[in-house]
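This report refers to the structure that appears directly beneath it.
All chains are named by letter (A, B, ...) in the order of the sequence lines, taking the proteins before the strands, and each is independently numbered beginning at 1.
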Amino acid sequence: MRRTQATMNSMEQMKENLKAEIASAVTKAGLAAPEEVPDVMLEQPKEKEHGDFATNMAMQLTKIAKKNPRQIAEELTAEMDYAKASIEKIDIAGPGFINFFLDNAYLREIIPAVLEAGADYGRTDVGGGERVQVEFVSANPTGDLHLGHARGAAVGDSLCNILDMAGYNVTREYYINDAGNQVEGLALSVEARYLQALGHEAALPEDGYHGDDVKEIGERLAEENGDRYAGLPEEERLAIFRELGLKKELDKLKADLSAFGVTFDEWFSETALYESGEIEETLMLLKEKGYVYEADGAVWFKSSEFGDDKDRVLVKNDQTYTYLMPDIAYHKNKLDRGFDSLINIWGADHHGYIPRMQAAIQALGYAHDTLDVEIVQMVNLLRSGEKVKMSKRTGNAVTLRELMEDVGLDATRYFFAMRSADTHMDFDMDLAVSESNENPVYYVQYAHTRLCSIFRQADERGITYDPAVDLSPVASEKEYDLLKKIGEFPEVVADAARLHAPHRMTNYLHELAASFHSFYNAERVMDQENEAKTKARLVLAKAVQITLQNGMRIIGVSAPERM
RNA sequence: GGCCCAGUAGCUCAGUUGGAUAGAGCAACGGCCUUCUAAGCCGUAGGUCGCAGGUUCGAAUCCUGCCUGGGUCGCCA
């Protein structure tokens, strides 16, 4: 979906002007017919000498115009209207790049736009209000959240924030696996811990849950209820423990995630799908569509018709469902609720599961790309330079809660958001804990702190902040660099949304902070000799502060006033 | 063995979907605090983009083959 003129900031409009001017120069120079002109690619060169913007149009036209790129560039630029696109100078460089040097005064127009938008600066309508549902974490309610879940939570929540800023209508959802064997295991484990707490001989089941959290639940139940449950018949007792265990585990999950800055719009129970009959309904639907058959006493889904390696069992020969069956019903439920697209964030150990879920989406009659599954890769935790192996079953894993206690919320969120989700990552606890320049999260926060300090000082000196002040004193190279960075923000949000790539936001924040630190060291905001400049720079500083805050909010990192 | 992810500076990672001399952070080296917080800035050094072919004006990026690490291949969830 295209951005409207009205939602573009001045930098984006400048880019559009320049693009239009380039396209029209191409046809004026007779290099290509209007319908053959390629999309104009405008990039911001890394090197200053390569101008403010550059295009590779001349190279793209070699095939159509049948000339060498440098000659094309000459002919093209001869037709450009400098005044119309605020061009000061054009260079032709390298293999045929056209470099544009602009009159950067227009960049100042970004400042009032940022101030006016405030917390909404960066918000666009590229999502067009599309309803997207993001399912993430969805850890079984049988233990604490570990590192992988933490990464999934950080990535998922940041992505949701990004999608929201990019104009999507986002619903965050957690799928509770409260119907399978693992919940039986939980009930048995709670029972064992409860009986142990009362001093009875009781062994944890072999595949039970050894975590401290389950132990605490058993002990708590013993404290609160004494031996009230010990005398009950086994079946009755387990039913109680199943329910109580689930409730306590869920309360803990919610509390831990909330402390991590992650909340959900919906906690969706698998059991509800059994109770509503939707699982049976979904199975019937697949049968009607002819995607189901019986063999070897089981019921199979013809997922191989949609690109899966082989068909999958839906109903086992003991007549119970596999995990897949309710999951298909769950996704049908999502689609029935009217979402335009679904995003699932899964751990790496589930990646083999993607083709069958995609097959199910298609069997239900939806396009393949209705569901996008983002894989969050493994996390290696390093402590004192050594790998900490995680194992949920034995309870040796480092939990999200421990991580937050040791490392802190901000560093944890930033570290996970910092890396692209589908790559393996090392989480260096010593680095994340260190309160030093080795720690990347402080770099960004420190920039914000410096801004706050400037405003405090200005206040103490009685300098009034006036957003309506004349901004023309903002004209140095460092200031223009800063303004360019600020102007990029909406585009960064939109790109991060399109690519489902939250780590682009941390990259951007680091660049913005770097641009500010560089400015801060080179020039003073408050200049006692020059009140006009001081006041103008305070307004610039406010725009930087707003942009930083908006970016940090997206990542779930706090913007401290002092450090 | 099939499929998925990864392999880029000493370390941890980016690389705007094919563009210019491949970039950051940390570590190393040299500078900058009587001036808004030095958790900062400025500079130097650091590379066979796993390997070999191919596609083209142009490849870290796309294609093929191979090597290495991890994951996954159940009528578990």
May I have the distance from A:Asn99 (atom CG) to B:rU21 (atom P), rounded to whole angstrom? 12 Å
Ionic contact status for A:Lys334 with A:Glu173, cut-off 4.0 Å: no
For A:His351, answer base if it contacts any base atom (sugar-phosphate contacts may also be present), sugar-phosphate if it contacts only those atoms, and nothing otherwise; contact means non-hydrogen atoms under 4.0 Å. base
Contacts of type side-chain hydrogen bond (donor to acceptor under 3.5 Å, both in side chains), residue A:Arg524, not counting sequence neighbours: none
Mind checking if A:Phe97 touches a base, just sugar-phosphate, or nothing, with heavy atoms under 4.0 Å? base
N-O pairing of A:Arg498 and A:Asp495 below 4.0 Å: yes
Pick base, sugar-phosphate or nothing for A:Ala54, based on heavy-atom distances below 4.0 Å to the nucleic acid. base
Whole-Å distance, A:Met378 CE to B:rC4 P, equals 17 Å
Below 4.5 Å, heavy atoms only, C-beta onward: do A:Thr55 and A:Phe97 meet side chain to side chain? no
Please measure how far the C1' atom in B:rA22 lies from the corresponding atom in B:rA59, and state the result in whole Å. 12 Å
When the ring planes of A:Tyr293 and A:Trp300 are compared, do they come out parallel, tilted or perpendicular, using 30° and 60° as the limits? parallel
Does A:Asn521 make a side-chain donor-acceptor contact with the base of B:rA38, cut-off 3.5 Å? no
Working for salt bridge (Lys or Arg N to Asp or Glu O under 4.0 Å), residues A:Arg70 and A:Glu74: CA-CA 6 Å; A:Arg70 294 203 55 119; A:Glu74 295 287 353; 5.4 Å; no
Salt bridge check: are A:Arg242 and A:Glu184 linked by an N-O gap of less than 4.0 Å? yes
Dot-bracket summary - RNA chain B, pairs being Watson-Crick or G-U whose distances fall under 3.5 Å, with | when paired to another strand: (((((((..((((.....[...)))).(((((.......))))).....(((((..]....))))))))))))....
Rounded distance in Å - CE (A:Met41) to P (B:rA20): 12 Å
Show the numbers, then the answer: is there a side-chain contact (heavy atoms from CB on, under 4.5 Å) between A:Asp296 and A:Asn317? CA-CA 7 Å; A:Asp296 305 325; A:Asn317 59 19; over 6 Å; no
Sidechain N-carboxylate O distance under 4.0 Å for A:Asp481, A:Lys485: no
Which residue lies more 5' along RNA chain B, comparing A:Phe455 with A:Tyr443 via nearest heavy atoms: A:Phe455
Spacing between A:Ile92 atom CD1 and B:rG19 atom C1', to the nearest angstrom: 16 Å
Over 60° means perpendicular and under 30° means parallel, so tell me whether A:His510 and A:Tyr443 are parallel, tilted or perpendicular. parallel
List the steps, then state whether side chain to side chain donor-acceptor pair (under 3.5 Å) holds for A:Glu278 with A:Asn333. CA-CA 8 Å; A:Glu278 285 170 271; A:Asn333 176 288; 2.7 Å; yes
Side-chain (A:Ser158) to main-chain (A:Val155) donor-acceptor, under 3.5 angstrom: no
Looking only at atom C1', what distance separates B:rU35 and B:rG46, rounded to whole Å? 36 Å
Note, A:Tyr291 side chain near A:Asp311 side chain (heavy atom, < 4.5 Å): no
P gap between B:rA60 and B:rU16, integer Å: 13 Å
Assess whether one donor atom and one acceptor atom, taken from the side chain of A:Asn56 and the base of B:rG19, lie less than 3.5 Å apart. yes
Listed in order of residue number, which residues of residues 525-537 of chain A have a non-hydrogen atom at under 4.0 Å from RNA chain B? A:Val525, A:Met526
Assess whether atom CG of A:Asp39 is packed by more than 12 heavy atoms of other residues, nucleotides or ligands within 6.0 Å. no
When syn is taken as a glycosidic angle within 90 degrees of 0, is B:rU17 syn or anti? syn
Inter-nucleotide C1' distance (B:rA14, B:rC66), Å rounded: 27 Å
Whole Å only: how far is the NE2 atom of A:His510 from the C1' atom of B:rG23? 12 Å
Within the side chain of A:Gln182, is there an N or O that forms a donor-acceptor pair under 3.5 Å with the backbone of A:Asn177? yes
Between CD of A:Gln377 and P of B:rG7 the distance, given in whole Å, is 11 Å
Could I get a table of every N or O pair under 3.5 Å where one atom is in the protein and the other is in nucleotides 75-77 of chain B?
from	atom 1	to	atom 2	distance (Å)
B:rC75	O2	A:Asn317	N	2.9
B:rC75	O2	A:Asn317	OD1	3.2
B:rC75	O2	A:Asn317	ND2	3.4
B:rC75	N3	A:Asn317	ND2	3.3
B:rC75	N4	A:Asp296	O	3.0
B:rC76	OP2	A:Lys316	NZ	3.2
B:rA77	OP1	A:Lys316	NZ	3.2
B:rA77	OP2	A:Tyr323	N	3.0
B:rA77	O3'	A:Gln182	OE1	2.8
B:rA77	O3'	A:Gln182	NE2	3.3
B:rA77	O2'	A:Asn140	ND2	3.2

Once you measure the plane-to-plane angle for A:Tyr175 and A:Tyr330, does it fall in the parallel (<30°), tilted (30-60°) or perpendicular (>60°) bin? parallel
Between A:Ile454 and A:Phe53, just flag the one whose closest nucleotide in RNA chain B comes earlier from the 5' side. A:Phe53
Using a 4.0 Å heavy-atom cut-off to protein, can you give one letter per nucleotide of nucleotides 9-16 of chain B, 5' to 3': B if the base is in contact, S if only the sugar-phosphate is, - if neither? ---BSSSB
Taking atom P in both B:rG50 and B:rG7, compute the distance separating them and give it to the nearest angstrom. 7 Å
Does B:rC33 count as syn, meaning its glycosidic angle lies within 90° of 0, or as anti? syn
Rounded to whole Å, the NZ-C1' distance (A:Lys485 to B:rA24) equals 12 Å
Look at the rings of A:His350 and A:Tyr353 and say which category their plane angle falls in: under 30° parallel, 30 to 60° tilted, over 60° perpendicular. perpendicular
Roughly how far apart, to the nearest Å, are B:rA20 and B:rC26 at atom P? 25 Å
Exam field: side chain A:Asn344 to backbone A:Val373, donor-acceptor pair closer than 3.5 Å: no
When rounded to the nearest Å, what value does the distance between P atoms of B:rG43 and B:rU56 take? 41 Å
Please write out each protein N/O paired with an N/O of nucleotides 60-62 of chain B under 3.5 Å, distance rounded to 0.1 Å.
none

Nearest to the A:Arg450 side chain among B:rC41, B:rC36, B:rG40, which nucleotide is it? B:rG40
Does A:Glu12 pair with A:Lys15 as a salt bridge, N-O distance under 4.0 Å? no
Output the rounded distance in Å from CG (A:Asn380) to P (B:rA6). 16 Å
Rounding to the closest angstrom, what is the interatomic distance between B:rC5 and B:rC13 at atom C1'? 16 Å
